[in-house]
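Excluded from the calculations below are hydrogen atoms, water molecules and symmetry mates; all remaining heavy atoms, backbone and side chain alike, are included.
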Amino acid sequence: MARDEMGDAVSAGDEEALRQQLQLAAELQGERPSIDAALKNYVSLLTARLSTSGGVAPGVAKDSTAQLDCARVFAKALNCLELPTHVEWGKLYPQLDGETALDFMTRLGRLRVVRALWLQCTKAGQKPSKCLGRSSLEAVFPELERRVFDEAEEAKRPVALRPHLRAFSDGLRATLAARAADDAKGGAEGDAAAEAPLDDAQSDHELVWCAELGAVLAARQRSRQLEAQGRVERAASAQDFASELRSALGAPAASTVEVEEVED
């Protein structure tokens, strides 16, 4: 019987479990943008904020070069990851408060598939960051942060880079959390959720994890232009209505009612 890195389900002949794993693997491989492209989008977002003096974490110097250095640190650590097995992962990252047993097992199952794809990439001499996308990064992010902020690794870096790196990590994690929250409520709220205004975290997620950053920015610009045009038109309409109302109140029409006297 065939075997691969996903192990038990294949060797045990559990066809349904294997089918689900293969389907998930195909979905993960097809995700776009890649992690590498998303990191570039994220650096572009941070650099744009620095240029407008906004969105910078307290105590972090406004240095766009540091954002590139942070992206390089994360990309290097990511592509050098040696992911533990799903059994070891369960010990390193046990069931969370509020996480059901089913959700915990689902998380381990997803990690199992991600690890198999990770091994395939490295064996083929390819970088996982160029082959995999958001869901894979979300699955391995706890281990990535553990490696990035390992004391021995921290000691090798310039002291000035450390606060940038922490802010970089927190912001990138927030884009993943925003997508997870959006996925959780999307099914319940449907179209109403899709039409609701984006908060900052959701907005960052949309920019970082889009396949075409330029297209998203152009669409946002068109949306702002239409919104501004709508405000102007509504203001003009309100002004016209007010003028008509003042004119009507200031010059009342003559009454056409006639009163006829009745003689006894």
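For the pair R173 and F141, the cation does not sit on the ring face, since its NZ or CZ is not both under 6.0 Å from the ring centre and inside 45° of the axis.
A heavy-atom distance below 4.5 Å is found between the side chains of I35 and L78. Annotation: side chain of R162 is not in contact with side chain of F149 (no heavy-atom distance under 4.5 Å). For the pair S129 and L39, the minimum side-chain heavy-atom distance is 4.5 Å or more. With a 4.5 Å cut-off on side-chain heavy atoms, L45 and N41 do not count as touching. Counting heavy atoms from C-beta outward, W118 and E82 have side chains that stay 4.5 Å or more apart. Proximity of R115 to H86: side-chain heavy atoms (C-beta onward) are nowhere separated by under 4.5 Å. Under the 4.5 Å side-chain criterion, counting only non-hydrogen atoms from C-beta, R107 is not in contact with L111. Using a 4.5 Å cut-off on side-chain heavy atoms (C-beta onward), V73 and D69 make no contact.
A side-chain donor-acceptor contact under 3.5 Å links Y93 and E143. Side chains of D103 and T100: a donor on one and an acceptor on the other come within 3.5 Å. T175 and D204 form no side-chain donor-acceptor contact under 3.5 Å, judged by distance and modelled atom types alone.
With S136 contributing its side chain and L132 its backbone, the two residues share no donor-acceptor pair below 3.5 Å. Listed for the T47 side chain is a donor-acceptor partner under 3.5 Å among the backbone atoms of V43.
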Checking salt bridge (Lys or Arg N to Asp or Glu O under 4.0 Å) for the pair K91/E88: CA distance, chi angles, key distance, verdict? CA-CA 5 Å; K91 295 176 182 177; E88 295 168 335; over 6 Å; no
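Checked for salt-bridge contact, K40 and D36 meet the test: a charged N lies under 4.0 Å from a carboxylate O. Salt bridge E138/R134: present, at least one basic N to carboxylate O contact under 4.0 Å. By the 4.0 Å N-to-carboxylate-O rule, D150 lies too far from R147 to be salt-bridged with it. Remark: R19 engages E16 in a salt bridge, criterion side-chain N to carboxylate O under 4.0 Å.
Once rounded to the nearest 0.5 Å, the distance linking CG of L137 with CZ of F74 reads 9.0 Å. Taken from OG1 in T122 to CG in L117, the straight-line distance is 10.5 Å, to the nearest 0.5 Å.
The number of heavy atoms from other shown groups lying within 6.0 Å of CZ (R110) does not exceed 12.
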